[in-house]
Amino acid sequence: MGATFLPTGVQRQQAAEQKASIFTFALYPDLLALPHLINMSNLPHTHERLDRPSQSPGLIRYFTLFMAVLYMALGISLWLVPAGMLRLDETARQLLAGVFVFYGIIRFVRTYQQYFKKNRHEA
């Protein structure tokens, strides 16, 4: 009959050390000096950054509009899909479709107000 392999105590210890070495990180002595090397005095404060408009809202606003339309389209397609195609009850499917359409409308309105509607102060 075949001999079974039983690891000895030393082999178990070596295997445990090898597993532990995968999850340990070497300490870098320069890492502790890093905060002293960074000069953050020239960065704007949070309230200064929040008061000014975004630098390039062009691509972001169209992407958020696309995502809003995508959520609405997903909701409409869930509403119109045949009942046997998904493993959802009829009421659960319609409820989920309604949530997607409602969320898409909310995102669309918020995106329009944020990026496309002129402020009264700018007009």
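- In terms of heavy atoms, L78 sits closest to A97 at CB-CB, 3.7 Å.
- Hydrophobic cluster membership differs between V99 and I106, with clusters built from Ile, Leu, Val, Met, Phe, Trp and Tyr side chains linked at under 4.5 angstrom.
- Clustering ILVMFWY residues whenever any of their side-chain heavy atoms sit less than 4.5 angstrom apart, transitively, puts L70 in a cluster other than the one holding L59.
- In this structure, the separation between OH on Y115 and CZ on R110 is 10.0 Å, given to the nearest 0.5 Å.
- Using a 30° and 60° split on the angle between ring planes, Y103 and Y71 fall in the perpendicular class, above 60°.
- Here the closest heavy-atom approach between residue I76 and residue V101 is recorded as N-CG2, 3.8 Å.
- Distance check: T64 OG1 to Y112 OH gives 13.5 Å after rounding to the nearest 0.5 Å.
- With values rounded to the nearest 0.5 angstrom, R61 atom CZ is found 11.0 Å from Q114 atom CD.
- Put simply, CG on L96 and CG on L74 are 7.5 Å apart, with the number rounded to the nearest 0.5 Å.
- With sequence neighbours excluded, no residue satisfies ring-ring contact (aromatic ring centres under 6.0 Å, His included) with F108.
- Distance check, rounded to the nearest 0.5 Å: CH2 of W79 to CG of L95 gives 9.0 Å.
- Using the six-membered ring where Trp is involved, F63 and F66 have ring planes that are tilted, between 30° and 60° apart.
- Note that the CE atom of M67 and the CG atom of L65 stand 11.5 Å from one another [nearest 0.5 Å].
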